[in-house]
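Small disclaimer: the values here were computed from a predicted structure and weren't measured. Protein chains get the first letters and strands the later ones, always in sequence-line order, with residue 1 at the start of each.
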There are 2 protein chains.
Amino acid sequence: MDKPLDLLIVDSILDAIADQRLPAGTKLGEQALSDIFGCNRANVRRALATLTAHQVVDLLPNRGAYVATPTPEDARNVFQARRAIETTICRNVVRRATAEDIAALRRHLIEEDAARGRDNRPAAIRLSRGFHILMARLGGNPVLARYLEELTMRSSLIIGLYATAPVTLCAEDEHRGIVAAIEAGDEATALRLLDEHLRHLEAGIDFDRERVVAGSLSAALRG
Amino acid sequence: MDKPLDLLIVDSILDAIADQRLPAGTKLGEQALSDIFGCNRANVRRALATLTAHQVVDLLPNRGAYVATPTPEDARNVFQARRAIETTICRNVVRRATAEDIAALRRHLIEEDAARGRDNRPAAIRLSRGFHILMARLGGNPVLARYLEELTMRSSLIIGLYATAPVTLCAEDEHRGIVAAIEAGDEATALRLLDEHLRHLEAGIDFDRERVVAGSLSAALRG
DNA sequence: TGACTCTCGATTGTTAACAACTTATGATAA
DNA sequence: TTATCATAAGTTGTTAACAATCGAGAGTCA
């Protein structure tokens, strides 16, 4: 029943990155993480190796681990990969979605709405990503779902680095339109709206100025 | 100039899996790997964590690491993911390919031909995968290229487990047709041929019987 | 024969101490 | 002031010993 400790560390850091609590470039010291999670360095090292394999952490020999800082070129490639993968996921959803699946999507839209209404930015970020993750689950292909989790994680880093407006989230009405098309079984429209949605997201990024935000590790890893 | 030791272990095991020298289910004992690579267990453990993150190794707590054995469902999902990703890669290649790129593809076809003519099965396997990897490189999107590397690795495991005929490789003429379409700048044809090619590959698999092949670790890891 | 338990060997997990490296600090000299 | 270099502190890498767990096999009993 007890989960492996290193996976707990991985998930904890992954969540912090996805929620934009851990900004790009933050140093992930072994001792610091050991203290935070109350374990020995061995587990931390394993966790860092896993995160490095997922491309959200850069591991410099003899110099430690840092949250990855995607370049503008990385950003373009990540968004192209998202279009490729999410298109297939969306097609799967249109073809497989049960009434219950669509109800789940609608419930999610309501939650997103509520978080936005309350001006709850952290929740809005999480739910915005959650929409895409939920689609991936409903698509029924865990291989694609796992890749999309990675890509949305990296998208969070990219948005945190290069976003212009104070808020750059998925526009809620775009999600709503996609769900409507799925419910209507209109595959072509769903795919078109999704593609546009991802392009809008990418367009809301300004590659000129990269804002550097130093973060406190222990503060970021509560939750 | 010296590469990190754990990455050397990872690459070595990855190559062995891609070349079908390491069959699915093979136990990867820490002590055995330490002996083979002449290092301490710490590096081996880090390498196994990385391989687990790449989904080519299953890590069972307190029971050790084993080369992953994909299920038939995994297989379907892997091939669907390949179609999604390689389609985008191929589109990129058609749009970006220089004369030199196309020359590289043609050279690769000749090598494949030669290996087949010599009945050199190991080389044929490696080159067959190499064609897809080369396309991924020429596509210019390292994010997609990395995913495709993972997926071709898992394809090797799948083919090793479920392939019916003694030889289940990419049909060389199918690769040839794709290159011809790329050279002609005929995007639609290239995409269609690639999609068909991947479906043929998947069709050449018999999910009924799963042949179990036990392998020797030290023998598989030469090269 | 079949099922169950116990013990032993082997493997993985944990911990701590030590070595090697990197970086920051401060002193020295031009 | 600026540059260079030496020292020191902190961090990562390595190693070895020890603890915990699992699986196989022998043995026992119905």
- prompt: Between the side chain of B/Asn120 and the main-chain N/O of B/Arg116, is any donor-acceptor distance below 3.5 Å?
  reply: no
**Study point:** A/Thr26 side chain vs A/Leu22 backbone, donor-acceptor pair below 3.5 Å
**Key:** no
Separation of C/dA20 atom C1' from A/Leu60 atom CG, nearest Å, is 17 Å
Taken to the nearest whole Å, CD/A/Gln31 to C1'/D/dG10 is 10 Å
N/O donor-acceptor pair under 3.5 Å between A/Asp101 side chain and A/Thr98 backbone
yes
So, with a heavy-atom separation below 4.0 Å from DNA chain D, the residues of residues 34-43 of chain A are A/Arg41
When rounded to whole Å, the CG to P distance for the pair A/Leu59 and D/dT11 reads 16 Å
Check ion pair B/Arg83-B/Glu202 (N to O, under 4.0 angstrom): yes
Rounded to whole Å, the CZ-P distance (A/Arg46 to C/dT15) equals 13 Å
Of all heavy-atom pairs linking B/Gly25 and B/Tyr66, the shortest is O-CD2, 3.6 Å
Rounded to whole Å, OH of B/Tyr66 lies from C1' of C/dT12 at a distance of 11 Å
Atom CG of B/Leu48 and atom P of C/dT12 are separated, to the nearest Å, by 9 Å
Rounded to whole Å, CD of A/Glu30 lies from C1' of D/dT12 at a distance of 6 Å
**Asked** Do B/His54 and A/His54 have their ring centres less than 6.0 Å from each other?
**Response** no
Exercise for the section: Give a yes/no on whether any side-chain N or O of A/Arg63 is located under 4.0 angstrom from OP1 or OP2 of D/dT12. Expected result: no
Residue pair B/Gly29/A/Pro61 against DNA chain C: nearer the 5' end by closest nucleotide is B/Gly29
*Test of ring centre spacing under 6.0 Å for B/His175 and B/His108*: no
In whole angstroms, the gap separating P of D/dG10 from CG of A/Asn62 amounts to 18 Å
Check this one for me: any side-chain N or O of B/Lys27 less than 4.0 Å away from OP1 or OP2 of C/dT12? yes
